[in-house]
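Since the structure comes first, as structure tokens, the remarks are kept for the end.
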Amino acid sequence: METKSQGYLHGYTAEEQNRLYQQANFLETSVFESIDFSKSKRLLEVACGVGAQTEILLKRFPQIKIDGIDASQEQIRTAKNHLKSSIDNGQVTLTLGNAGQLPYQDHAFDSSFVCWFLEHVDRPIEILKEIRRVLEPRGIIYCTEVLNATFFLHPYSPATLQYWFHFNDHQWNLGGDPFVGAKLGNYLTEAGFTEVTTEAKIHHFDNRHPKMRKQMLDYWTQLLLSGTAQLLESQKVSEELVMQMREELELLKLAADSVFFYSAIQARALA
Ligand SMILES: C[S@@+](CC[C@H](N)C(=O)[O-])C[C@H]1O[C@@H](n2cnc3c(N)ncnc32)[C@H](O)[C@@H]1O
């Protein structure tokens with residue numbers, strides 16, 4: 001079965017790889033506050049990227065042996081450098097491979113962690129079925145995914161909203177799904193998982209949390225710009241729109257009453 005992303009919106013530059021480490025650290029509390037792998041011994045991290053979440057998993061659940069897999073040679077190479085000591089002591093194994101054809105035996109793992117991944121693939125249910133195959137019965141999975149329709153900014157920022165439309169539209173045309181978070185309940189159920197629950201991971205910052213609002217706007221600026229090279233190249237956006245968006249984002253950081261809202265979705269289910 002050929003199940004892979006048609007293209008990868010963010011690319012694999014050193015800057016983008018560095019953004020993944022910053023992203024994992026910045027969002028750690030939100031992503032991990034409900035995740036409990038304390039009873040896990042053998043975990044599969046699908047689309048482990050540069051190993052940013054692997055490092056957090058090791059810190060929070062030091063008893064787990066982790067297998068990470070990613071389809072990108074560049075990501076796996078960087079992850080291997082980053083996690084060298086855990087690889088050397090046998091706690092982490094990293095493999096280059098496609099999540100649609102996992103190179104593991106049936107029931108090899110008791111848990112799986114998937115984060116910011118299913119938005120990039122064209123057949124998420126096939127991948128979830130494949131993950132279920134390698135999980136033992138009642139093995140646990142946590143998936144944390146985007147729901148880009150929830151993005152809201154005040155003051156009104158039309159250039160940023162236009163850019164955001166093209167960012168998501170481009171990802172959709174690459175075969176991905178920037179709204180996959182809302183569909184996790186259906187997809188996990190269709191893939192055969194049981195006891196599926198979902199939780200909205202809301203990021204809502206206003207005058208009550210000016211420091212966190214500023215940090216989120218800085219983080220979000222980097223996320224938006226991570227797609228700029230591809231969006232310019234495919235002529236989805238103009239240099240002018242990017243400049244206007246940058247100006248709006250700077251104004252938002254200075255505005256006295258700005259509001260940022262976004263929600264991701266986290267699903268938990270049993271194999
Ligand atoms: C946004 S990154 C997230 C990485 C990591 N989960 C994190 O949170 O830092 C998405 C990753 O999915 C990987 N990827 C895309 N399609 C894949 C596939 N079919 N199989 C395995 N990995 C894939 C990309 O190479 C990239 O490293």
Side-chain angles (χ1 to χ4, degrees), residues 1-32 35 37 43-60 66-83 92-104 111-131 133-134 141-148 167-168 170-171 174-178 180-181 184 201 219-220 222-227 230 264-267:
M1 175 191 37
E2 187 69 357
T3 302
K4 61 181 182 186
S5 52
Q6 308 298 303
Y8 183 55
L9 172 71
H10 304 293
Y12 297 107
T13 60
E15 192 182 3
E16 168 56 20
Q17 291 188 326
N18 198 31
R19 190 187 69 80
L20 288 179
Y21 292 117
Q22 288 172 4
Q23 172 173 267
N25 289 328
F26 182 58
L27 299 176
E28 176 181 346
T29 308
S30 165
V31 169
F32 282 89
I35 289 185
F37 285 128
L43 179 140
L44 174 63
E45 185 186 0
V46 181
C48 61
V50 294
Q53 310 279 8
T54 325
E55 188 179 20
I56 295 173
L57 285 161
L58 288 169
K59 179 183 74 179
R60 289 185 167 245
I66 300 178
D67 273 75
I69 185 163
D70 197 281
S72 153
Q73 180 95 57
E74 294 97 317
Q75 306 286 72
I76 288 289
R77 194 181 307 122
T78 303
K80 281 187 174 168
N81 283 335
H82 191 67
L83 299 167
V92 171
T93 305
L94 298 178
T95 304
L96 178 66
N98 182 353
Q101 292 165 307
L102 293 171
Y104 309 107
S111 48
S112 183
F113 176 83
V114 179
C115 194
W116 315 134
F117 166 50
L118 294 174
E119 66 180 294
H120 298 295
V121 301
D122 59 351
R123 290 159 72 185
I125 298 172
E126 299 309 316
I127 286 178
L128 291 171
K129 282 184 182 166
E130 184 63 353
I131 297 174
R133 178 185 68 76
V134 302
I141 184 170
Y142 287 94
C143 292
T144 311
E145 297 292 344
V146 297
L147 178 48
N148 286 355
F167 185 101
N168 292 310
H170 183 59
Q171 188 170 31
L174 286 174
D177 183 353
V180 68
L184 284 176
K201 293 281 173 187
Y219 160 72
W220 206 263
Q222 294 310 313
L223 174 74
L224 289 165
L225 294 174
S226 71
Q230 279 198 27
I265 304 288
Q266 185 171 81

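Computed over heavy atoms, backbone and side chain alike; hydrogens, waters and symmetry mates excluded. Both ligands and their constituent atoms are indexed starting at 1 by order of listing. Along the sequence shown, residues are numbered consecutively beginning with 1.
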### Message
Taking salt bridge (Lys or Arg N to Asp or Glu O under 4.0 Å) as the definition, give me every residue that meets it alongside E16, ordered by chain and number, with sequence neighbours left out.
### Response
R19

## Note on the structure
Rounded to the nearest 0.5 angstrom, the OH-CD distance for Y219 and Q22 is 10.0 Å

### Query
Going by the atom numbers of ligand 1, which of them fall below 4.0 Å from some non-hydrogen atom of S72?
25 (O)

### Query
ligand 1 and C115, any nitrogen or oxygen pair closer than 3.5 angstrom?
yes

### Message
Within ligand 1, which atoms have a heavy atom of A99 less than 4.0 Å away?
### Response
18 (C), 20 (N), 21 (C)

### Task
Flag D70 as yes when one of its N or O atoms lies below 3.5 Å from any N or O atom of ligand 1, and as no otherwise.
yes

#### Entry: Min N/O separation A47 to ligand 1 under 3.5 Å
yes

### Task
Ignoring hydrogens and angles, tell me if any N or O in the side chain of E145 forms a donor-acceptor pair with the backbone of L118 under 3.5 Å.
yes

### Task
Give yes if a backbone or side-chain nitrogen or oxygen of Q75 is under 3.5 Å from a nitrogen or oxygen of ligand 1, and no if not.
yes

Which atom pairs, one a donor and one an acceptor, fall under 3.5 Å between side chains of residues 43-54 and the rest of the protein, sequence neighbours left out?
{"unit_1": "E45", "atom_1": "OE1", "unit_2": "T54", "atom_2": "OG1", "d": "2.6"}

### Task
Would you mind telling me which of Y142, F113, F37 makes a side chain to side chain contact (heavy atoms under 4.5 Å, CB included) with F32?
F113

#### Entry: Polar atom proximity, Q53 to ligand 1 (N or O, under 3.5 Å)
yes

## Note on the structure
Atoms of ligand 1 under 4.0 Å from any heavy atom of G97, numbered from 1 in the order shown, are 20 (N), 21 (C)

### Task
Please indicate whether any nitrogen or oxygen in W116 is less than 3.5 Å from any nitrogen or oxygen in ligand 1.
no

### Query
Counting each atom of ligand 1 from 1 as listed, which ones have a heavy atom of H120 under 4.0 Å away?
1 (C), 10 (C)

### Message
If we count only N and O atoms by modelled type, under 3.5 Å, do the side chains of E15 and T13 hold a donor and an acceptor together?
### Response
no

### Message
Is there a polar contact, in the sense of an N or O pair closer than 3.5 Å, between V121 and ligand 1?
### Response
no

### Query
Checking R133 side chain against L102 main chain: does a donor-acceptor pair fall under 3.5 Å?
yes

### Task
For the pair K201 (side chain) and A264 (backbone), establish whether a donor and an acceptor sit closer than 3.5 Å, ignoring hydrogens and angles.
no

